[in-house]
Asker: 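Got a structure for you, written out below as structure tokens; questions coming shortly.
Position 1 is the first residue of the sequence; numbering continues from there.
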Amino acid sequence: MIKTSTAYTIIVASVLALVGFSYFQTTQKEDAQKVAAAYMSTYVPHKSEQTLIINAHILDGIGGEFSNGAVLMKDGKVSYIGDFKAGAWDDIPTIDAKGGWVTPGVIDVHSHLGVYATPRVRAHSDGNDATSPITAEVYAEHGIWPQDQGFAEALAGGVTTLHILPGSANLFGGRGITLRNKPSRTVQGMKFPDAPYTLKMACGENPKRVYGQKGGPASRMGNFAHYRKNWIKAQGYKDKLDKGEITPGKRNLQLETLAGVLSGDILVQMHCYRADEMAQVLDMAKEFGYKVSSFHHAVEAYKIPDLLKEAGTCAAMWSDWWGFKMESYDGIRENIPFVHAGGACALIHSDSANNIQRLNQEIAKAWAHGNRAGLNISKADAWKWISSNPAKAIGVSETTGSLEVGKRADVVIWNGDPFSTYTKARKVYMDGVLMFDRDTGLKPMSDFKLGQPGSSAASAGE
């Protein structure tokens with residue numbers, strides 16, 4: 001039998017342990033709140049006016065199409081989309097699309113705008129922290145220059161949301177960030193509210209090329225060994241986090257990011273070309289219990305649509321860019337449509353300050369090549385590749401990526417069929433606010449360009 005004094009001691013010790021555990025949990029929660037508050041989004045849309053778009057050929061971004069449609073924007077959201085109803089909205093300011101096409105705003109899930117800003121000089125090279133193969137602790141948002149002129153050029157191409165990633169020199173390259181394409185003094189003013197962080201990872205040639213003479217990894221075997229060693233460390237760190245054992249002085253920024261992936265809070269965006277490597281990465285994700293949200297570039301994704309579908313993993317691809325190194329050698333023009341036809345999540349990305357300005361042309365090329373191969377994909381289905389599928393890949397599909405009632409009124413009016421080389425974005429709305437207007441010349445201008453030769457309308461001959 002336990003003596004009374006001993007029992008009392010055990011009870012007191014147990015209570016103190018519980019209090020201590022509760023204290024650590026509270027401290028951790030407060031620390032997390034402080035971090036979130038310090039880097040939180042301050043994005044606020046401009047005040048919008050109720051606007052009706054009529055006489056439009058509409059692609060809703062989820063496979064729907066209306067040949068004589070209307071879109072009503074109210075309080076920054078889509079209030080109606082569908083067939084035009086004469087007399088239903090007589091008192092609402094109206095924009096005549098003049099038979100032009102209307103789509104959701106374009107989403108680019110792989111951009112380096114801001115971290116490799118224009119003008120492209122060494123001082124603006126902030127996309128790779130090539131000091132170690134493991135730099136999961138860095139955040140792309142801390143290297144973004146909001147004055148990059150590329151943001152305005154992308155807006156003129158219909159891009160309303162873009163995902164900025166670190167480069168691909170590292171196995172774990174750091175956190176990516178999703179932005180609203182709105183001019184701002186700070187990156188927080190562009191930050192997509194409540195969008196999840198992502199983790200940029202890279203497999204294949206880049207890490208072993210960059211670090212082969214710097215202590216490794218020097219091979220694909222080494223790449224995977226480094227991944228696995230760090231996921232094991234992250235499992236241990238997450239276990240301590242869950243138990244409330246990580247005090248402020250013991251925080252590890254690398255492992256915080258990896259633990260966030262294991263918790264499902266941070267989405268993996270993985271640079272990978274070859275089908276065999278993508279399959280191995282999916283096996284590694286099974287080993288450590290996380291999900292790969294998207295493979296980027298994915299030149300050989302057409303070989304494994306069944307594996308991508310099974311894993312619920314998207315493939316973010318170019319329309320026709322391959323062959324510039326061995327791991328990107330085995331590309332085909334039907335890559336995107338074959339992944340789509342295989343039932344997997346297919347989408348187009350730019351990875352280019354130039355291609356981001358004309359992603360409608362990239363989608364047109366991929367769509368045409370697929371249909372020449374006999375796939376018979378509709379334009380309405382193909383538009384998912386730069387709207388709802390990208391929104392899914394970066395975790396913002398609940399609020400944008402399609403023209404559905406209640407979602408953000410991110411709308412592009414094109415001056416023709418956007419699958420034509422000759423078509424351009426005529427008007428671009430974000431949260432129901434007109435941000436770009438080719439008819440009037442309305443377009444954001446970077447502070448960097450103010451006063452520069454050729455920056456005024458007069459010098460441009462407009």
Asker: Does S48 reach the main-chain N or O of V433 with its side chain, forming a donor-acceptor pair under 3.5 Å?
Answerer: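 Checking the backbone N and O of V433 against the side chain of S48, no donor-acceptor pair under 3.5 Å is found.
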Asker: Could you tell me if the side chain of I413 sits less than 4.5 Å from the side chain of V428, heavy atoms only?
Answerer: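 SC-SC contact between V428 and I413 ruled out.
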Asker: Indicate the atoms forming the closest heavy-atom contact of M190 with P146, along with that distance.
Answerer: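 Looking at all heavy atoms of both residues, the shortest contact is SD-CB, 4.1 Å.
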Asker: Is there a ring pair (Phe, Tyr, Trp, His ring centres under 6.0 Å) between W231 and Y290 once you walk through the steps?
Answerer: CA-CA 10 Å; W231 286 126; Y290 69 91; 4.5 Å; yes
Asker: How about W322 and Y273: are their ring centres within less than 6.0 Å of each other?
Answerer: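 That pair fails the under 6.0 Å test.
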Asker: Got a sec: does the CG of D194 have more than 12 other heavy atoms crowding it under 6.0 Å?
Answerer: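 Open.
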Asker: Tell me whether the count of non-hydrogen atoms from other residues, nucleotides or ligands lying under 6.0 Å of CG in D306 goes above 12.
Answerer: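 For D306, atom CG is crowded (more than 12 foreign heavy atoms under 6.0 Å).
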Asker: Charged N to carboxylate O under 4.0 angstrom, R274 versus D276?
Answerer: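 Yes.
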Asker: Do other residues, nucleotides or ligands put more than 12 heavy atoms under 6.0 Å from K424 NZ?
Answerer: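 Atom NZ in K424 is not packed in, count stays at 12 or less.
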Asker: Any side-chain heavy atom of L359 within less than 4.5 Å of one from H349?
Answerer: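 Result no, sub-4.5 Å side-chain heavy-atom pair not found.
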Asker: Quick check: closest heavy atoms across E300 and A275, and the distance to 0.1 Å?
Answerer: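 Answer, listing the atom of E300 first, then A275: OE1-N, 3.0 Å.
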Asker: Around K379, counting heavy atoms of other residues, nucleotides and ligands shown, do more than 12 lie under 6.0 Å from its NZ?
Answerer: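 Atom NZ in K379 is packed in, count exceeds 12.
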Asker: Count the heavy atoms belonging to other residues, nucleotides or ligands that lie under 6.0 Å from OH of Y422, then report whether that count exceeds 12.
Answerer: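 Check fails, neighbour count at 12 or below.
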Asker: Test Q361 against T421 for side-chain hydrogen bond (donor to acceptor under 3.5 Å, both in side chains), laying out the working first.
Answerer: CA-CA 6 Å; Q361 295 182 20; T421 305; 5.1 Å; no
Asker: Find out whether W145 and D126 are in side-chain contact, i.e. whether some heavy atom of one side chain is under 4.5 Å from a heavy atom of the other.
Answerer: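 They are not in side-chain contact.
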Asker: Just so I know, are the side chains of P207 and V210 near enough to count as touching, which here means a heavy-atom distance under 4.5 Å?
Answerer: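 They are not in side-chain contact.
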Asker: Contact between I107 and W385 at the side-chain level, heavy atoms closer than 4.5 Å - yes or no?
Answerer: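 A side-chain contact is absent here, since even the closest heavy-atom pair is not under 4.5 Å.
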Asker: So Y197 and Y139, ring pair (Phe, Tyr, Trp, His ring centres under 6.0 Å) or not? Walk me through it.
Answerer: CA-CA 9 Å; Y197 277 116; Y139 288 49; 5.3 Å; yes
Asker: Quick check with a 6.0 Å cut-off and a 45 degree axis cone: is K240 positioned over the face of Y237's six-membered ring?
Answerer: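 Not satisfied by the 6.0 Å and 45° rule.
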Asker: Could you tell me if the ring centre of F295 sits under 6.0 Å from that of H271?
Answerer: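 No; H271 has its ring centre 6.0 Å or more from that of F295.
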Asker: Sort and list the pairs that fulfil disulfide (SG to SG under 2.5 Å) and have at least one residue in residues 156-269, not counting sequence neighbours.
Answerer: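 Every disulfide (SG to SG under 2.5 Å) pair that includes a residue of residues 156-269, provided the two are not neighbours, is C203-C272.
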Asker: Between the side chains of R180 and D431, is the shortest nitrogen-to-carboxylate-oxygen separation below 4.0 Å, so that they form an ion pair?
Answerer: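 R180 and D431: salt-bridged.
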Asker: If I compare all heavy atoms of A380 with all of E65, which pair ends up nearest, and what's the gap?
Answerer: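 Nearest heavy atoms, A380 then E65: CB-OE1, 3.9 Å.
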Asker: Before accepting this row, confirm whether a basic side-chain N of the pair K191/E141 lies closer than 4.0 Å to the acidic partner's carboxylate O.
Answerer: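 Judged by the 4.0 Å cut-off on N to carboxylate O distance, K191 and E141 do form a salt bridge.
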Asker: State whether the number of non-hydrogen atoms from other residues, nucleotides or ligands found under 6.0 Å of R220 atom CZ is greater than 12.
Answerer: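 Yes, CZ of R220 has more than 12 neighbouring heavy atoms, counting only those of other groups under 6.0 Å.
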Asker: Which heavy-atom pair separates W318 from D351 by the least distance, and what is that distance?
Answerer: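 Nearest pair, atom of W318 first, then D351: CZ2-OD2, 3.5 Å.
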Asker: Using the ring centroid of each side chain, check whether F436 and Y429 are separated by less than 6.0 Å.
Answerer: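 Aromatic pair excluded; centres sit 6.0 Å or further apart.
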Asker: On a heavy-atom basis, which atom in I377 and which in W367 lie closest, and how many Å separate them?
Answerer: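 That closest heavy-atom pairing would be O-NE1, 2.7 Å.
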Asker: Whether K407 and E398 form a salt bridge (side-chain N of Lys/Arg under 4.0 Å from carboxylate O of Asp/Glu) is what I want to check.
Answerer: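 No.
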Asker: Looking only at non-hydrogen atoms, find the nearest pair between P418 and N360 and report the distance.
Answerer: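 Scanning both residues completely, I find the closest heavy atoms to be O-ND2, 3.0 Å.
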Asker: Take atom NZ of K365 as the centre, draw a 6.0 Å sphere, and report whether it contains more than 12 heavy atoms from other residues, nucleotides or ligands.
Answerer: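 Yes, the 6.0 Å shell around NZ holds more than 12 heavy atoms from other groups.
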Asker: Please say whether more than 12 non-hydrogen atoms of neighbouring residues, nucleotides or ligands are located less than 6.0 Å from NZ in K309.
Answerer: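 Atom NZ in K309 is not crowded, with 12 or fewer foreign heavy atoms closer than 6.0 Å.
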